[in-house]
Amino acid sequence: MADPTKKLKKPDVKIVMLGDMNVGKTSLLHRYTERKFKDTVSTVGGAFFLKQWGPYNISIWDTAGREQFHGLGSMYCRGAAAVILTYDMTSWQSYVELEDRFLSLTDTANADCIFAIVGNKADLTDSHAQASNPEGEEGTEPARLSLSSSSLQRKQVNREDAMALYGRVLLYKGLDQKACLPAESMCFETSAKTAYNVDVLFETVFDLVVPSILKKRSEGESSTVDLEAPSTGKRTKAGCCA
Ligand SMILES: Nc1nc2c(ncn2[C@@H]2O[C@H](COP(=O)(O)OP(=O)(O)OP(=O)(O)O)[C@@H](O)[C@H]2O)c(=O)[nH]1
Ligand SMILES: [Mg+2]
């Protein structure tokens with residue numbers, strides 16, 4: 001008889017981060033999971049992080065934006081309940097790439113996949129500096145981390161552009177805009193550096209994928225992996241899959 005202790009809890013749901021290299025996908029995940037902004041190296045292949053969200057187990061996949069890893073993207077998106085499309089607010093090109101290069105990778109995601117559009121590096125933009133509290137917002141790092149006004153860059157992608165992209169994503173997926181979550185609540189401007197909006201982003205998405213977990217459970221999918229059952233797939237190193 002199989003030993004019940006040899007059963008591993010498998011993630012209830014998968015969230016995938018997509019976007020061009022250098023937009024800050026890994027930094028956003030570090031900020032959320034480790035509460036800090038630290039040096040990164042460009043991601044190779046992909047890596048995942050497990051988050052316990054109430055009684056649920058969520059895996060968040062950080063993918064490589066570099067062109068050479070592009071072929072892996074659709075594999076990472078397979079069965080995803082949510083995709084976080086990330087661009088750099090100071091790079092119009094990174095916004096364009098989301099539609100040109102990354103959107104088609106989501107063809108393998110769940111039919112009812114949720115999309116969030118995220119403009120990162122808000123701290124680099126002049127509009128953010130004007131809008132933010134000079135004493136530092138609650139839950140963010142101190143103002144000493146923000147840049148001097150001479151280092152600020154022009155915001156190249158506006159929130160309206162992000163909301164328009166959200167509409168085109170729904171169109172691409174053949175989804176009825178009226179039946180989907182509104183663009184205002186699914187487009188975020190963040191800063192992994194100052195922590196601006198980072199918790200809100202991830203926690204909004206976590207809450208939104210809960211119904212898809214419940215649906216999966218009601219369809220009777222097992223929530224554990226039997227380590228003694230013969231496996232046909234190849235094992236990958238925990239936390240890293242290149
Ligand atoms: N100022 C600022 N810099 C950021 C922010 N987020 C990331 N960066 C910087 O942008 C660079 C790229 O960040 P990464 O998180 O490695 O980017 P990535 O999207 O994971 O890149 P790939 O792994 O190559 O796809 C690093 O130098 C980060 O320090 C941010 O919010 N503000
Ligand atoms: Mg990365």
Side-chain angles (χ1 to χ4, degrees), residues 15-49 59-77 83-103 105-106 116-133 136-137 139-157 159 162 187-202 205 237 239-242:
I15 297 172
V16 182
M17 302 190 68
L18 289 181
D20 205 359
M21 65 179 283
N22 216 37
V23 298
K25 301 177 295 298
T26 303
S27 301
L28 283 166
L29 258 177
H30 282 168
R31 165 58 78 187
Y32 183 70
T33 59
E34 298 173 39
R35 320 308 292 166
K36 51 184 180 216
F37 181 66
K38 55 183 207 185
D39 287 344
T40 55
V41 283
S42 187
T43 304
V44 172
F48 69 90
F49 172 80
S59 67
I60 314 160
W61 283 81
D62 176 23
T63 63
R66 270 194 282 167
E67 188 100 48
Q68 70 191 102
F69 298 112
H70 193 65
L72 298 172
S74 53
M75 183 185 85
Y76 290 124
C77 285
V83 171
I84 300 177
L85 293 169
T86 314
Y87 62 89
D88 170 351
M89 283 167 67
T90 67
S91 161
W92 180 258
Q93 190 54 34
S94 71
Y95 167 81
V96 171
E97 293 282 323
L98 286 180
E99 217 167 345
D100 285 0
R101 201 151 68 84
F102 293 97
L103 186 53
L105 301 180
T106 67
I117 313 277
V118 176
N120 188 40
K121 306 198 185 181
D123 61 284
L124 290 179
T125 67
D126 41 10
S127 59
H128 177 74
Q130 281 159 22
S132 59
N133 174 356
E137 293 165 40
T140 67
E141 289 200 352
R144 67 182 154 75
L145 257 186
S146 52
L147 298 175
S148 66
S149 55
S150 60
S151 322
L152 292 174
Q153 297 173 34
R154 198 173 66 82
K155 183 175 176 179
Q156 289 198 12
V157 188
R159 200 171 141 72
C187 295
F188 300 82
E189 293 188 334
T190 61
S191 167
K193 186 167 184 174
T194 66
Y196 175 69
N197 261 349
V198 176
D199 287 0
V200 175
L201 160 68
F202 284 108
V205 176
K237 216 165 104 189
C240 177
C241 179

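Both ligands and their constituent atoms are indexed starting at 1 by order of listing.
Of all the listed residues (N120, N22, T86), N22 holds the heavy atom that lies closest to atom 21 (O) of ligand 1. Between atom 7 (C) of ligand 1 and the options S94, G65, S27, A47, the minimum heavy-atom separation is to S27. Nearest-residue assignment for atom 2 (C) of ligand 1 (options T90, T40, T125, D123; heavy-atom criterion): D123.
Remark: side-chain polar atoms of T63 are paired, donor with acceptor, to backbone N or O of M17 under 3.5 angstrom. With hydrogens and angles ignored, the 3.5 Å screen pairs a side-chain donor or acceptor of N120 with a backbone N or O of V23. Of the possible polar contacts, none joining the K25 side chain to the L18 backbone as a donor-acceptor pair under 3.5 Å is found.
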Inset, instruction - Test side-chain contact (heavy atoms from CB on, under 4.5 Å) on L28 and V118 and set out the steps. - result: CA-CA 10 Å; L28 283 166; V118 176; 4.2 Å; yes

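Residue contact annotation: F37 has a non-hydrogen atom under 4.0 Å from ligand 1.
Note: an N/O pair closer than 3.5 Å links G24 and ligand 1 by distance alone. Taking any N or O of T26, backbone or side chain, at least one lies under 3.5 Å from an N or O belonging to ligand 1. No N or O atom of T190 sits closer than 3.5 Å to an N or O atom of ligand 1.
Inclusion of T26 in the first shell of the Mg ion (ligand 2) is supported: an N, O or S atom falls under 2.8 Å. Using a cut-off of 2.8 Å, one finds that T63 contributes no N/O/S atom close to the Mg ion (ligand 2).
If you number the atoms of ligand 1 from 1 as listed, the ones under 4.0 Å from a heavy atom of T43 come out as 22 (P), 23 (O), 24 (O). Near M21, meaning under 4.0 Å from any of its heavy atoms, are these atoms of ligand 1: 21 (O), 22 (P), 24 (O), 25 (O). When each atom of ligand 1 is checked for a heavy atom of D20 under 4.0 Å away, the hits are 19 (O). Atoms of ligand 1 found under 4.0 Å from any heavy atom of K193 (numbered from 1 in listed order, with element): 1 (N), 30 (C), 31 (O), 32 (N).
Using a 4.0 Å cut-off between a side-chain N of Lys or Arg and a carboxylate O of Asp or Glu, D88 and K121 qualify as a salt bridge.
Between Y95 and Y87, the ring planes are perpendicular. Angles over 60° get that label, and only those under 30° would be called parallel. Under the 30°/60° scheme for interplanar angles, the aromatic rings of H70 and F102 are found to stand perpendicular.
Y76 and G46 make their closest contact through OH-N, 3.2 Å (heavy atoms, listed as atom of the first residue, atom of the second, distance). The two residues M89 and K155 make their nearest non-hydrogen contact at CE-CE, 3.4 Å.
With a heavy-atom cut-off of 4.0 Å, L124 touches ligand 1 through its side chain alone. With a heavy-atom cut-off of 4.0 Å, A64 touches ligand 1 through its backbone alone.
In this structure the side chain of E67 reaches within 4.5 angstrom of the side chain of R101, judged on heavy atoms.
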